Amino acid sequence: VGGTVNGTADMDPTAGTANLVSAGAADGFVAKYDAAGNLQWAGKIGSTGADAVKGIAVDATHVYVLADFTGTINPGGGNIVSAGGTDVAVIKYSLAAGAYVAQAHVVKGDDGNANGQGAGIVVDVANSIMYLALNIDGANDCNPAVGDTACDGTNNTTHDGFLWRGSTALALTHVVGVAKSAVANVGNGLVQIGSSVYSVWTVGTAAVNPGGGNLTSAGSTDILIVKS
């Protein structure tokens, strides 16, 4: 499970104690429990600013954690620093013990006040592919490696929806804007069914084009489902 902690939270539901303490404002956390509800391990991701775990996916040996963060975090492989707003990272841990394995800075603000938010994560276990739903405003880089792969929102005041695809080694394959306009468009989750991934978006009153032509709401916010 994952979410946020603010202050001190005891993650052990039994008489034992396993406290996680936030560094300042809310921090993200991830914890594993067995089928009987017994805590196996727990850890937190956070800076002195506001941070949150926005999604979790697993394969046979690893857990992949989608996290929003501000300021500087160190999940285990060195510091990741946001560009001024909220950035997005994926952290990979061992499923058995929660040991750190790898990290990727998947949304980096380019203009000092851009913001990204995680909206969903899915791992295609059979093909070692990872998908992310992202809400982004302003100018951003969505390539965790060296080089800049632009994933720019329409403006700095409202979010656009992006679908990020990469490997379970946390390397980017490509990123595409599926719900972009001058009004707010936000992701609500991802699910894999068979060999396809379906993403769900709340879109505003302006036309968006996920790839098959413009779609315009009937008057207020509508729901968009994109099959990838």
Side-chain angles (χ1 to χ4, degrees), residues 2-4 28 45 50-57 64-70 73 75 80-92 102-124 129-145 147-192 197-204 208-211 221 223-228:
T4 59
I45 303 160
D51 315 291
V53 166
K54 302 301 282 290
I56 292 174
Y64 304 83
V65 179
L66 178 64
D68 299 348
F69 72 97
T70 59
I73 61 171
I80 308 177
V81 183
S82 75
T86 301
D87 283 4
V88 183
V90 174
I91 304 99
K92 182 177 180 179
Q103 63 194 37
H105 193 169
V106 295
V107 179
K108 313 168 198 173
D110 277 340
D111 63 4
N113 60 359
N115 291 285
Q117 296 176 350
I121 180 170
V122 163
V123 168
D124 178 349
I129 297 172
M130 183 170 64
Y131 296 88
L132 307 175
L134 302 168
N135 302 325
I136 289 173
D137 69 35
N140 293 272
D141 169 17
C142 280
N143 191 346
D148 192 315
T149 300
C151 49
D152 297 342
T154 304
N155 54 54
N156 276 99
T157 57
T158 58
H159 282 117
D160 287 332
F162 287 78
L163 189 63
W164 188 102
R165 173 176 166 164
S167 69
T168 52
L170 311 187
L172 171 69
T173 303
H174 63 263
V175 61
V176 60
V178 296
K180 294 187 66 176
S181 72
V183 298
N185 307 290
V186 294
N188 296 290
L190 292 169
V191 63
Q192 181 181 0
V197 171
Y198 300 81
S199 53
V200 182
W201 310 86
T202 302
V203 295
V208 298
N209 185 350
T221 54
I223 300 299
L224 170 67
I225 298 175
V226 179
K227 179 180 179 181
S228 304

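The shown structure was predicted, so the numbers you read here are calculated from the model rather than taken from an experiment.
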Asks: Would you give the length of the straight line joining atom CZ of Arg165 to atom CD1 of Ile129, rounded to the nearest 0.5 angstrom?
Replies: 4.0 Å
Asks: Quick one: side chains of residues 171-182, donor-acceptor pairs under 3.5 Å with protein atoms, not counting sequence neighbours, listed by atom name and distance.
Replies:
residue	atom	partner	partner atom	Å
Lys180	NZ	Asp152	O	2.9
Ser181	OG	Val183	N	3.3
Ser181	OG	Val183	O	3.4
Ser181	OG	Asn185	ND2	3.0

Asks: How would you list, by chain and number, every residue that makes a side-chain contact (heavy atoms from CB on, under 4.5 Å) with Gln117, sequence neighbours excluded?
Replies: Lys54, Asp68, Asn135, His159
Asks: Would you say Asn115's side chain and Gly138's backbone share a donor-acceptor pair under 3.5 angstrom?
Replies: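 No, because the side chain of Asn115 does not come within donor-acceptor range (under 3.5 Å) of the backbone of Gly138.
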Asks: Is the closest side-chain heavy-atom distance between Thr202 and Ile223 below 4.5 Å?
Replies: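 The answer is yes; the side chains approach within 4.5 Å.
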Asks: What pairs with Asp51 under salt bridge (Lys or Arg N to Asp or Glu O under 4.0 Å), at least two apart in sequence or on another chain?
Replies: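 Testing Asp51 for salt bridge (Lys or Arg N to Asp or Glu O under 4.0 Å), a comparison that skips the adjacent residues, returns none.
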Asks: Ignoring hydrogens, what is the shortest heavy-atom contact between Val123 and Ala57? Give both atom names and the distance.
Replies: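 Between these two residues, the closest heavy atoms are CG2-CB, 3.7 Å.
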Asks: Tell me every residue that passes side-chain contact (heavy atoms from CB on, under 4.5 Å) with Ala184, counting only those two or more places apart in sequence or in another chain.
Replies: Thr158
Asks: Got a second to check how far Asn156's CG is from Asn113's CG, nearest 0.5 Å?
Replies: 4.5 Å
Asks: Could you tell me which residues satisfy side chain to side chain donor-acceptor pair (under 3.5 Å) with Trp201, sequence neighbours excluded, listed by chain and number?
Replies: Ser199
Asks: Quick one: side chain to side chain donor-acceptor pair (under 3.5 Å) partners of Asp148, sequence neighbours excluded?
Replies: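 Side chain to side chain donor-acceptor pair (under 3.5 Å) list for Asp148, sorted by chain: empty.
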Asks: Just grab all the salt bridge (Lys or Arg N to Asp or Glu O under 4.0 Å) pairs involving residues 131-142, residues at least two apart or on different chains.
Replies: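 As it turns out, the salt bridge (Lys or Arg N to Asp or Glu O under 4.0 Å) pairs with a partner in residues 131-142, which skip direct neighbours, are Lys108-Asp141.
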Asks: What pair of heavy atoms forms the shortest contact from Ala133 to Leu190, and how long is it?
Replies: N-CD1, 3.5 Å
Asks: Where do Gly109 and Asp87 come nearest, in terms of heavy atoms and distance?
Replies: N-OD1, 3.3 Å
Asks: Rounded to the nearest 0.5 Å, what separates atom CD1 in Ile91 from atom CD1 in Ile73?
Replies: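 The CD1 atom of Ile73 is 5.0 Å from CD1 of Ile91, to the nearest 0.5 Å.
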Asks: In chain order, what residues pass the side chain to side chain donor-acceptor pair (under 3.5 Å) check against Thr221, with sequence neighbours excluded?
Replies: none
Asks: Taking all non-hydrogen atoms of both residues into account, name the closest pair between Leu163 and Ser228 and its distance.
Replies: CD2-OG, 3.1 Å
Asks: For Phe69, what residues pass the ring-ring contact (aromatic ring centres under 6.0 Å, His included) criterion, not counting sequence neighbours?
Replies: His105
Asks: Is there side-chain contact between Leu170 and Pro144, with heavy atoms separated by less than 4.5 Å?
Replies: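 No, their side chains stay 4.5 Å or more apart.
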Asks: Determine the sole option in Val106, Asn143, Val90 for which the side chain to side chain contact (heavy atoms under 4.5 Å, CB included) test with Trp164 is passed.
Replies: Val106
Asks: State which residues pass side chain to side chain donor-acceptor pair (under 3.5 Å) with Thr154; sequence neighbours excluded, sorted by chain then number.
Replies: Asp160
Asks: When rounded to the nearest 0.5 angstrom, what is the spacing between CZ in Phe162 and CD1 in Ile136?
Replies: 5.0 Å
Asks: According to the disulfide (SG to SG under 2.5 Å) rule, which pairs have a member within residues 148-189, sequence neighbours left out?
Replies: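 Qualifying pairs: Cys142-Cys151.
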Asks: Taking Asp124 for the side chain and Val122 for the main chain, is one N or O donor matched with an acceptor at less than 3.5 Å?
Replies: no
Asks: How close do Ala139 and Ala114 get, counting heavy atoms only, and between which atoms?
Replies: O-CB, 3.4 Å
Asks: For Gln103 and Pro75, which heavy atoms make the closest approach, and how far apart are they?
Replies: OE1-CD, 3.3 Å
